Asks: 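I have a structure here, written as structure tokens, and I will follow up with some questions on it.
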There are 2 protein chains.
Amino acid sequence: MEQVASGLVRLTFLVQSVYAEVGCGCELTPTQAQMLCVLREGPKGMAELCGVLGVERSSLTGLVDRAERSGLVVRTPDPTDRRAVKVALTEAGDRAAREFHEQITSRLAALLDDLSPTEQVRFSRSLTRIVTAAGVPLAIGPH
Amino acid sequence: MEQVASGLVRLTFLVQSVYAEVGCGCELTPTQAQMLCVLREGPKGMAELCGVLGVERSSLTGLVDRAERSGLVVRTPDPTDRRAVKVALTEAGDRAAREFHEQITSRLAALLDDLSPTEQVRFSRSLTRIVTAAGVPLAIGPH
DNA sequence: TATTGTTATACTCTATAACTATA
DNA sequence: TATAGTTATAGAGTATAACAATA
């Protein structure tokens, strides 16, 4: 039990550090990387984005503000609801998101390099089972 | 590759949320929980603690300030070096650290409940192999 | 001169509560 | 009244640079 818990915490640290490092290389904070990855699915309203990211609206306002200031996203008015806005990736944001996604995917997969092919498959399956059982959403990102 | 990366990120999510939740129940922020766990080994100097936690000294000053204000740790002068201080757990800090450690250990181990005993052993072994290969230090998180 | 730790400053991320505008 | 989003405010966590005291 002790062993497993320690392993899980250490793995979490490892993944976080890779995530931060890759993000840094793309000039993205981990939170920005996460948001940009979500926005690759398409433009989203603030409330919707809050739900996916698991943050409060006031927090998201700041996140979008900073990302917008950095030219990664834009707010556009929602034609169907004048209270609402849609947050969408800019071209630069899309480029950064793609780059981040590509790199994080290969960097994280490489963490399993020391396992045999069979072990890799088993590990990956168990991983999926664990997070599925716990109901963790699919979106890539921390928190 | 995509699969593995997604699984790793989702697992990281999951572990972080459990970590935060357990910490919250012990009135600890995740960072405080981590620091307190490290200090269970014994008192440490600021510089040493920085190394283990992977933060800058100025950051640690704030962390220790807040933990000290909450009565979790104390700074005591180092008799062998008048520049230095030792950071040690108070009784309350030790109690919180124990409680956190106990709970996080069982909560994280429980994440593997859906795997068969064989799969649990395999998963745990692979976990250890991955973090060992990557050189993730042991001291971080629960021991 | 090098090391230990703090201070000053600035930024990101987060939340709660109060607010505006629209539905 | 309820929902969408922002503003005001506060606090944790992080870093860099400048500084003090001691080795």
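Predicted model, so just to flag it, every value in this text is computed and none were measured. Convention: sequence-line order gives letters A, B, ...; per-chain numbering from 1.
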Asks: Within the structure, does a side-chain N or O atom of A:Ser59 lie under 4.0 Å from either OP1 or OP2 of C:dT14?
Replies: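 Checking A:Ser59 against C:dT14: no side-chain N or O falls below 4.0 Å of OP1 or OP2.
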
Asks: If you look at every strand shown and take non-hydrogen atoms under 4.0 Å, does B:Thr31 touch a base, only sugar-phosphate, or nothing?
Replies: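 Touches sugar-phosphate only.
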
Asks: Below 4.0 angstrom, N of the basic side chain to O of the carboxylate: do A:Lys86 and A:Asp81 qualify?
Replies: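 Looking at A:Asp81 together with A:Lys86, the answer is no, because their closest N to O distance does not fall below 4.0 Å.
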
Asks: Without decimals, in angstroms, what is the distance between A:Met46 CE and C:dA21 P?
Replies: 18 Å

Asks: Could you give the CD-to-P distance, from B:Glu68 to D:dA12, as a whole number of Å?
Replies: 15 Å

Asks: Could you state the atom-to-atom distance from CE of A:Met35 to P of C:dT14 in whole Å?
Replies: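 Going from A:Met35 (CE) to C:dT14 (P), I get 10 Å.
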
Asks: Please report, rounded to the nearest Å, how far the C1' atom of C:dC13 is from the CD atom of A:Gln34.
Replies: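 Rounding to the nearest Å, CD of A:Gln34 and C1' of C:dC13 are 12 Å apart.
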
Asks: Phosphate oxygens OP1/OP2 of C:dT14: is one of them under 4.0 Å from a side-chain N or O of A:Arg57?
Replies: no

Asks: Between C:dC11 atom P and A:Gln32 atom CD, what is the distance in whole Å?
Replies: 14 Å

Asks: Under 4.0 angstrom, heavy atoms only, what part of the nucleic acid is B:Arg82 near: base, sugar-phosphate, or nothing?
Replies: sugar-phosphate

Asks: Report the C-alpha separation of A:Leu60 and A:Met35 in whole Å, then their side-chain angles, then the decisive distance to 0.1 Å, and conclude whether the side chain to side chain contact (heavy atoms under 4.5 Å, CB included) test is met.
Replies: CA-CA 10 Å; A:Leu60 187 60; A:Met35 181 168 71; 4.1 Å; yes

Asks: Taking the nucleotide of DNA chain D with the closest heavy atom to each, which residue, B:Gly62 or A:Gly45, is nearer the 5' end?
Replies: A:Gly45

Asks: Could you give the CD-to-P distance, from B:Glu56 to C:dT9, as a whole number of Å?
Replies: 19 Å

Asks: Salt-bridged, B:Arg125 to A:Glu119, with N to O below 4.0 Å?
Replies: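 Here B:Arg125 does not pair with A:Glu119 in a salt bridge, since their nearest N and O are not under 4.0 Å apart.
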
Asks: Report yes if a donor N or O on one partner sits less than 3.5 Å from an acceptor N or O on the other, where the partners are the side chain of A:Ser58 and the base of C:dT16; otherwise report no.
Replies: yes

Asks: When the distance from CD of B:Gln16 to P of C:dT14 is rounded to whole Å, what number comes out?
Replies: 10 Å

Asks: Describe the nucleic acid contact of B:Asp81 in one word from base, sugar-phosphate, nothing, applying a heavy-atom distance below 4.0 Å.
Replies: sugar-phosphate

Asks: Over 60° means perpendicular and under 30° means parallel, so classify the ring planes of A:Phe123 and B:Phe123, tilted if in between.
Replies: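 Correct class here is parallel.
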
Asks: Should the pair A:Asp94-A:Arg98 be classified as a salt bridge under the 4.0 Å nitrogen-to-oxygen rule?
Replies: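 Judged by the 4.0 Å cut-off on N to carboxylate O distance, A:Asp94 and A:Arg98 do form a salt bridge.
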
Asks: Is it the case that D:dA12 (base atoms only) and B:Thr29 (side chain only) share a donor and an acceptor within less than 3.5 Å, ignoring hydrogens and angles?
Replies: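 It does not, because no donor-acceptor pair links the side chain of B:Thr29 to the base of D:dA12 below 3.5 Å.
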
Asks: Which nucleotide sits closest to the side chain of B:Ala84: C:dA15, C:dT6, C:dG5?
Replies: C:dG5

Asks: What contact category does B:Leu63 fall into here, base, sugar-phosphate, or nothing, at under 4.0 angstrom with non-hydrogen atoms?
Replies: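 Counting heavy atoms under 4.0 Å across all strands, the contact made by B:Leu63 is with sugar-phosphate only.
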
Asks: How many Å lie between NZ on A:Lys44 and P on D:dG5, as a whole number?
Replies: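 Rounded to the whole Å, the gap is 13 Å.
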
Asks: Between A:Arg83 and A:Arg66, just flag the one whose closest nucleotide in DNA chain C comes earlier from the 5' side.
Replies: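 It is A:Arg66 whose nearest nucleotide is closer to the 5' end.
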
